[in-house]
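Reminder, nothing fancy here: chain letters follow the sequence lines and each chain counts from 1.
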Amino acid sequence: MGLLSVLIFLPLAFGIVILVMPKKLNSWYKYISLGVSAVQLVIASYLYYHFKTGDAFAGVNQLSQYQWLENLQWIRLDVGQFGTLQIDYLLGVDGFSIGLIWLSALVMFVATLSSWEIKTNLKGYFALFLLLNTAIIGVFCALDLFLFYIFYELMLLPLYFLIGIWGGVRREYASIKFFLYTLFGSVFMLLVIAGLYLSVINPITGNHTFNMVYAMNPANYLEGSIFNSLSNTLIFGFPARAVGFVVVFIAFAIKVPVFPFHTWLPDAHVEAPTPVSLILAGILLKVGGYGIIRIAYGIFPEAAMSLAFWMGLLGVISIIYGAMNALAQRDLKRLVAYSSVSHMGFVLLGVASLTSEGLNGAMMQMISHGFLSVMLFFIVGIIYNRVHDRDIYNFRGLANQMPVFTGFVMIAFFASLGLPGFSAFIAEAFTLIGAFSSQTLNGLLPRWMAMVAALGILLGAGYLLWTLQRMFFGKLRLKKEEWKLALTDVNTREIIVLVPLAAMALILGIMPSIAFDVMSRSVNQFLTMFK
Amino acid sequence: MDVAFTNYQILCFALTAVAAPFLAFILSLIFKKIASIFGLLSITVSLVFSTFLFFSVWQKQTFHFAFSWIKLGNVSINIGILLNDLSVIMLLLVSFVALLVHVYSVEYIRKEALKYRYFSYLSLFCFAMLCVVIADNLFILYAFWELVGFASYLLIGFWFTKKKAVLANKKAFIMNRVGDVGFLIGLMILLSQFHTLDIETLFGAKGIIHSSFIHNGNWVTPFASMPDYWLTIAGFCFLTGAAAKSAQFPLHSWLPDAMQGPTAVSSLIHAATMVAAGVFLLLRVSPLFNDVVLITMASIGLLTAFMAATIALTQNDIKKVLAFSTISQLGFMVLAVGVKDNAAAIFHLSTHAFFKCLLFLAAGMVIHQLHHVKEYTKTKFDEQDMRNMGGLAKLMPVTAIVFTIAALSLSGLPFTSGYLSKDAILISVFEWAGERGGVFWLFPIIISITSWLTVFYIFRVIFKTFFGEFKLPLLINKKIGELHLHDPNLWMKIPAIILAVFCFGFFFALNPFNLESSWLHHAFNIKPHSDSSLHLFVPIYINALSLVLIASAYFIYAKNKIVFTNHKSWCYQFSYHQWYFNVFYDKKLVSLILWKAKVAFWFDKNIIDGMVHLSAKSTLMLAKITDWFDSYIIDGFVNGLASLVKRMGVLFRAMQSGKLQHYFVWMLLLFLSFMIYKVII
């Protein structure tokens with residue numbers, strides 16, 4: 001059993017342990033979860049540290065170049081004339097996934113610490129929480145489309161219950177909306193996966209395969225099959241591969257979320273308990289970005305190129321539209337949720353540019369947004385936990401009341417609005433540079449897109465600084481007198497959560513090569529598919 | 001002093017000079033009690049090493065050190081240090097002025113509870129500003145450029161419970177962000193065209209900018225080409241960036257608001273150093289500008305200089321006047337860059353740093369002492385309002401003297417540093433207009449008028465503050481003696497006196513009447529001015545009228561003999577309300593954006609989410625229809641069949657009554673039907 005399997009199934013094993021543990025030990029659950037996350041973080045760090053870089057380890061469409069590969073035959077079913085149904089348990093990481101795996105491990109650790117606030121039905125909560133953990137890491141490691149899909153859908157189940165049971169007032173509405181919306185996208189994706197299975201042949205065994213790395217190589221497509229680029233199959237009058245791309249793209253665009261598929265996000269975030277918000281913002285959105293890069297773009301490169309303009313346009317709209325909506329919010333959590341829409345728009349824009357700078361910037365933005373959005377949601381959680389209110393206008397002058405907290409808020413806000421020295425600055429600058437030079441390099445995106453997207457940085461400063469001014473500066477004035485006692489400064493546990501996030505954002509801002517070194521080879525390899 | 005350091009030593013010096021303030025920033029936050037010592041110490045270290053650097057680089061060599069920071073396959077960004085004449089003079093200037101302001105701040109901020117934050121922020125500012133100056137790469141320059149803005153944000157909002165201060169710092173940061181977006185787009189254009197952002201490689205003597213050209217409507221560089229209008233756009237982008245930082249029209253309105261910060265901060269950041277960073281950027285990238293951009297730049301500089309001077313005429317807040325004066329002087333510098341006289345811009349930037357810093361420090365001394373009076377007498381009045389002042393020259397002689405020296409320099413009167421640098425700009429503008437003729441003659445005319453306005457407004461301040469009758473005692477019903485108003489102590493006096501010394505022209509030119517003998521101007525001046533008669537004519541006619549204006553200001557404001565300002569007149573109101581920019585921005589622009597944000601949210605909630613709900617509802621509707629169909633049609637059929645069977649059962653059951661006669665009748669009927677059927681067929 002490889003390290004990746006340990007990483008994936010460790011939480012599941014302990015989730016089962018928690019399920020069978022007697023109820024009276026329920027104060028132990030959180031420590032078990034924390035321990036599991038800590039071990040995962042150590043393993044993920046080990047993987048990251050020993051991740052080999054160089055042209056021979058680029059991965060992407062070269063299966064042999066993936067690292068920590070695990071390949072087990074899983075399901076072999078003789079289906080008569082269709083040959084053998086072959087599903088592999090195939091895991092591996094390359095430059096695109098390693099950073100996200102480490103991010104997931106950190107976010108899960110932080111989210112577990114944040115779960116201290118959960119007081120009811122602890123057994124169910126932590127069991128589901130660990131199940132979610134397994135699914136998340138699995139998504140980033142799986143290289144077999146079927147396995148990927150299983151993990152992908154497996155994420156939905158615990159999230160549905162975590163929001164629906166431990167959430168806020170409108171939790172049932174939010175959880176159903178979230179569940180159905182995501183399911184809607186992925187069901188159609190399943191059809192594409194089936195189509196790919198019928199089209200792609202394992203070059204070694206000659207069987208049909210779900211292997212996504214093989215699906216990236218046009219030579220592995222069966223002649224005359226539906227997704228073979230030479231067979232020109234039409235679906236509803238459109239080329240099959242374009243339809244396949246669009247379907248997969250929409251499935252992941254819902255996750256990112258890209259305008260106009262984003263409306264589940266503010267509701268889900270606002271209603272979810274803080275730890276689930278952290279996971280949603282920190283990891284779930286990245287699954288969308290990761291899927292767009294690895295599956296939508298990786299498997300249908302020429303369709304992606306022909307639709308690059310529209311991808312870029314959706315990215316720019318998300319950036320501006322998300323920021324404008326954030327500007328209109330009174331609810332702090334909703335504001336942060338909309339800011340996520342805006343920031344994730346950069347990811348799409350960077351990917352659409354198909355330049356080295358743009359893609360590296362997009363990957364960096366995913367990791368950076370992972371740290372920063374988690375920090376922002378945790379900050380909202382700190383206020384909400386104390387007074388059960390999030391309306392911006394009910395607070396003023398918190399800086400004197402909670403000085404250390406305000407310090408963290410300023411770090412998180414300024415890092416999010418792209419202050420140099422923090423990771424978001426590098427990420428956004430590179431994304432924009434990539435988007436701008438796309439016109440000269442490959443002619444995919446017009447130059448105005450980068451220029452309009454740059455306005456998103458301006459709007460970001462607008463809504464964040466406005467919030468800072470309204471809530472934290474000025475003379476102390478709260479909606480209720482008793483809040484003054486409730487609003488205590490951050491405690492040690494909260495500091496332990498906030499410090500590593502802030503530190504990571506800072507470290508990546510000053511030494512971005514830590515992340516760029518790992519992913520730039522894979523990005524270059526990825527770009528060779530678009531020639 | 002002739003010193004030769006090895007490259008390694010130069011690198012160490014430069015790193016120490018910038019690292020010291022950064023260390024102080026961190027240490028001040030940890031060791032709160034001795035924060036001011038860290039601040040003072042670090043900036044002294046910076047000054048010492050800057051001096052070393054100055055003497056080893058100035059007019060001798062260009063030092064460039066870089067290492068690879070980010071490598072993305074074929075794209076790599078290097079960062080490093082670039083020391084040339086411009087860098088080292090700025091290095092020296094910034095660290096010197098910063099040291100004086102640090103000393104001054106020790107006293108100015110003594111009573112603040114959170115003064116460790118003040119010193120820590122100030123150190124952060126110094127670090128960022130020094131890095132801006134020595135950055136070798138526009139990307140890094142941009143990063144520290146924003147960091148400088150962040151430090152300024154922190155310092156403007158130092159009194160964060162004051163609503164005006166936090167509104168001001170938000171405004172400053174966001175307006176600067178407008179410029180930053182421009183700057184960033186400029187970077188993108190350059191990177192896309194030249195594949196590098198290294199300043200020396202791009203704009204140096206052998207820079208690749210010189211090998212780019214316009215051909216058939218395309219801007220062609222050795223690496224790429226794009227339509228030629230992008231060259232103009234690139235120029236405008238950098239101009240926007242510089243305009244925001246240097247408070248040029250129309251992005252100037254943050255600077256007067258920024259006066260909500262401590263006065264020492266205003267003096268260092270919002271007068272001497274940070275606001276000059278915009279001009280510095282223009283100088284760094286000046287080879288990029290084409291004629292369209294240069295003329296726009298000159299026009300913006302001219303308009304800003306004139307506008308700010310007219311506004312300064314009527315403000316009553318002493319710091320506001322100085323803020324608008326700063327904007328106006330920065331306009332002079334931008335104008336100088338616009339008319340391609342970089343030497344004059346650098347020169348004026350340097351001299352302005354000293355005299356404007358001094359003006360603020362002296363104003364701060366007045367405000368500080370009046371603040372003490374306010375606390376001491378437990379009364380309420382606005383210590384920055386000049387209408388409460390007057391006659392302070394007798395009570396605070398040192399302050400009055402240094403302020404007057406700085407004012408003379410600002411006015412550009414002979415023997416002062418301002419005389420030389422303003423002279424340089426005016427002459428260039430005259431020459432530039434002479435070459436072009438026609439409507440361009442407006443430039444020298446308006447800039448001359450602006451110079452006279454400058455003299456008038458600054459002497460208005462002097463006469464209202466230091467001469468005439470002291471109005472405060474009457475306002476708060478105390479006698480002058482009761483106020484205990486006097487010059488502040490040495491911590492504040494000494495920096496001011498040192499700056500006052502540097503306001504004299506001797507430091508910048510051996511012959512304080514001759515611009516050409518100035519070492520600073522000479523170093524950057526590529527071509528000397530051709531028409532030497534201008535050197536005689538321009539200063540004479542400017543200064544002659546200036547003296548008249550000083551005299552008239554004296555009679556108006558010190559003696560109150562002439563009253564000519566009609567407070568209700570359109571002109572006065574227009575100037576007093578700062579040309580209504582704030583009204584326009586706050587009432588129109590900001591509310592327009594907020595309105596748009598609300599519309600976007602409405603759209604999101606009702607249209608986008610409405611679609612989601614609609615699809616959910618229509619699915620539900622479809623489900624209901626299916627349900628109806630299922631229960632009435634499908635199930636109806638099944639139920640119908642069942643009830644048919646049931647009825648038939650009932651029918652057949654009825655037959656089996658158990659009575660023999662009934663069976664007989666049924667049998668008969670059946671037999672008869674069968675017979676009839678057979679007969680008919």
Handout entry: side-chain contact (heavy atoms from CB on, under 4.5 Å) between V166(B) and F472(A), worked out
Key = CA-CA 10 Å; V166(B) 293; F472(A) 293 91; over 6 Å; no
Exercise for the section: Check the pair W466(A), V590(B) against side-chain contact (heavy atoms from CB on, under 4.5 Å), reporting the backbone distance first and the verdict last. Expected result: CA-CA 12 Å; W466(A) 196 26; V590(B) 173; over 6 Å; no
Problem - Derivation and outcome, side-chain contact (heavy atoms from CB on, under 4.5 Å), residues F173(B) and L419(A) - result: CA-CA 11 Å; F173(B) 197 89; L419(A) 188 74; 4.3 Å; yes
Exercise for the section: Quick one: do I608(B) and H262(A) satisfy side-chain contact (heavy atoms from CB on, under 4.5 Å)? Show the steps, please. Expected result: CA-CA 9 Å; I608(B) 305 276; H262(A) 63 277; 4.0 Å; yes
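If you look at F139(B) and F425(A), their ring centroids are closer than 6.0 Å. If you look at F436(A) and W230(B), their ring centroids are closer than 6.0 Å. Aromatic ring centres of F414(A) and Y153(B): separated by under 6.0 Å.
Scanning for side-chain hydrogen bond (donor to acceptor under 3.5 Å, both in side chains) contacts around W602(B) gives an empty result, with sequence neighbours left out. Shown here are the side chain to side chain contact (heavy atoms under 4.5 Å, CB included) partners of V612(B), two or more places apart in sequence or in another chain: K177(A), Y181(A), T263(A), D609(B).
Chain B forms the most heavy-atom pairs under 4.5 Å with one residue out of M511(A), Q439(A), Q329(A), and that residue is Q329(A). The most heavy-atom pairs under 4.5 Å with chain B, out of M410(A), K475(A), M451(A), R396(A), come from M451(A).
Side chains of R177(B) and L417(A) form a contact here, defined as non-hydrogen atoms less than 4.5 Å apart. Considering only heavy atoms from C-beta on, Q193(B) stays 4.5 Å or farther from S437(A) through its side chain.
Here the closest non-hydrogen pair linking W69(B) and I426(A) is CH2-CD1, 3.4 Å. For the pair I174(B) and A461(A), the tightest heavy-atom approach, listed with the atom from each and the gap, is CD1-O, 4.2 Å. For the pair L432(A) and M188(B), the tightest heavy-atom approach, listed with the atom from each and the gap, is O-SD, 3.3 Å. The two atoms that bring I70(B) and P512(A) nearest to each other are CD1-CG, 3.5 Å, heavy atoms only.
Of the atoms belonging to I233(B), it is side-chain heavy atoms, and not backbone ones, that fall under 4.5 Å from chain A.
Taking the six-membered ring for Trp and thresholds of 30 and 60 degrees, Y338(A) and F601(B) have ring planes more than 60 degrees apart, a perpendicular arrangement.
Distance alone, capped at 3.5 Å, is enough to place a donor-acceptor pair between the Y321(A) side chain and the D604(B) backbone.
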